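A short worksheet on the structure shown next.
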Protein chains: 2
Amino acid sequence: MRLTTKGRYAVTAMLDLAIHYKDGPITLSDISKRQGISLSYLEQLFSKLRKGGLVDSARGPGGGYRLSRSAGDIAVADVISAVDESIDVTRCGGLSNCHGDGGTCLTHELWHDLSGQIFKFLSEISLGQLVENRSIQTVAFRQRDKFEHAEAALVVGSDAGL
Amino acid sequence: MRLTTKGRYAVTAMLDLAIHYKDGPITLSDISKRQGISLSYLEQLFSKLRKGGLVDSARGPGGGYRLSRSAGDIAVADVISAVDESIDVTRCGGLSNCHGDGGTCLTHELWHDLSGQIFKFLSEISLGQLVENRSIQTVAFRQRDKFEHAEAALVVGSDAGL
DNA sequence: GAATAGTTGACAAGATTAGTAAGTTAAGTG
DNA sequence: CACTTAACTTACTAATCTTGTCAACTATTC
């Protein structure tokens, strides 16, 4: 899981789509103006988003892009994965054979696990939740206490989104 | 909040430090060998980690780096922030004045909030937790049933896909 | 059927980051 | 003091991100 400005641009653009969903197909030129992202970059990003099946396109006048499914069914992780092809990294390939020292592959596993958690976290936040549940979220976050925090973080991530 | 390979390297190296804490100061050369990260790059990363107050250094023979405080007191977010100076981004500066359209700055706010959540999430995971809870994790992981899944996943952090 | 508004794809240049190489300084050791 | 070790620093190269430009291709509209 990586999280770069590229992913941020993609999520931003998708949020824009989600917000303006009711207006029919949205042109990249509109998104470009609203979000301050260069048109050519948007074209590249949406090429990947389209290949990832996250958006549908319509050409010609009145054309543009729209979400391929409900905003509630598109996770933030989906968007980021689509544009940010995450080449796996740990030299040992994740879990295979690098036991030169006691702590070698253990470290990689630790990272692997953490990475999985981040991914899971972002998988449980949908664009729809971000747009709709804004106020509820912050409240839910404030309420939990320290010891529930493990569970709460996940639950919050899942239903309250942001 | 950004999450790049750079941050991953830093966390990996810090985990290595945490694991080998009892061995006294650890040289970058050791970390380099164990984790497969180039020495030069480690030097650059640790320069920032040191400036960020996360590690203490000792020069000369027998020298090396060690965590400046308990592994339980160092959050993953601390490490990533230290090496990955996250320049803020949204053209409007985060929350200021870009209301050209209804959804313009709202989108930025949404991203800002999401970013904050990711940060909070990573702030609540310490290096110590990652290292210590691991053996418990794998066991607990196997034992849990579907409904305990949320809690276990965080404590454990195991499988979870990517 | 031509004009227009829009996507799609390719390519390249500039800007920023990631990563490497090599040299310098400080601290121990014989 | 000379030598070694290892932290520090600076300069450089490679990769990636981001923007720009140009040329198709497609559906709508006049």
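So you know, we letter chains A, B, ... as the sequences are listed, proteins then strands, and number each from 1. All values derive from a computational prediction rather than experimental measurement.
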Taking [atom1] from [X] and [atom2] from [N], how many angstroms apart are they, rounded to a whole number?
X: B/D84; N: D/dC17; atom1: CG; atom2: P; value: 13 Å
X: A/I37; N: D/dC17; atom1: CD1; atom2: C1'; value: 13 Å
X: A/K48; N: C/dG9; atom1: NZ; atom2: P; value: 13 Å
X: B/K6; N: C/dT20; atom1: NZ; atom2: P; value: 13 Å
X: B/L45; N: C/dT17; atom1: CG; atom2: P; value: 15 Å
X: A/Q35; N: D/dT19; atom1: CD; atom2: P; value: 13 Å
X: A/I31; N: D/dT18; atom1: CD1; atom2: P; value: 16 Å
X: B/R8; N: C/dA18; atom1: CZ; atom2: P; value: 13 Å

> Who are the side chain to side chain contact (heavy atoms under 4.5 Å, CB included) partners of B/S126, not counting sequence neighbours?
Replying inline: B/Q129
> Of the non-hydrogen atoms in B/D30 and B/I26, which two are nearest, and what is the gap between them?
Replying inline: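 The answer is CB-CG2, 4.2 Å.
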Atom pairs under 3.5 Å, N or O on each side, protein against nucleotides 4-8 of chain D: can you list them with distances?
residue : atom : partner : partner atom : Å
D/dA7   : OP1  : B/L28   : N            : 3.2
D/dC8   : OP1  : B/S57   : OG           : 2.8
D/dC8   : OP2  : B/R50   : NE           : 3.3
D/dC8   : OP2  : B/S57   : OG           : 3.3
D/dC8   : OP2  : B/Y65   : OH           : 2.5
D/dC8   : N4   : B/E43   : OE1          : 3.2
D/dC8   : N4   : B/E43   : OE2          : 2.9

Give a yes or no answer on whether the side chain of [X] reaches the backbone of [Y] with a donor-acceptor pair at less than 3.5 Å.
X: A/H20; Y: A/D16; value: yes
X: B/S32; Y: B/L28; value: no
X: A/S115; Y: A/W111; value: no
X: B/D113; Y: B/L110; value: no

>> Does C/dG19 have OP1 or OP2 under 4.0 Å away from a side-chain N or O of B/T5?
In response: yes
> Do the side-chain N or O atoms of B/R2 get closer than 4.0 angstrom to the phosphate oxygens (OP1, OP2) of D/dC17?
Replying inline: no
Enumerate all atom pairs, one protein N or O and one N or O from nucleotides 10-15 of chain D, separated by less than 3.5 Å.
none

Report, one line per pair, each donor and acceptor closer than 3.5 Å where one atom sits in a side chain of residues 64-72 of chain B; sequence neighbours left out.
residue : atom : partner : partner atom : Å
B/S68   : OG   : B/G53   : O            : 2.7
B/S68   : OG   : B/L54   : O            : 3.1
B/R69   : NE   : B/D73   : O            : 3.1
B/R69   : NH2  : B/D73   : O            : 3.4
B/S70   : OG   : B/G72   : N            : 3.0

Report all side-chain donor-acceptor pairs from residues 39-51 of chain B shorter than 3.5 Å, counting only partners two or more places apart or in another chain.
residue : atom : partner : partner atom : Å
B/K48   : NZ   : B/E85   : OE1          : 3.4

>> So that I can tick it off, tell me whether A/D84 and A/K6 are bridged by a salt bridge, with the cut-off set at under 4.0 angstrom between side-chain N and carboxylate O.
In response: no
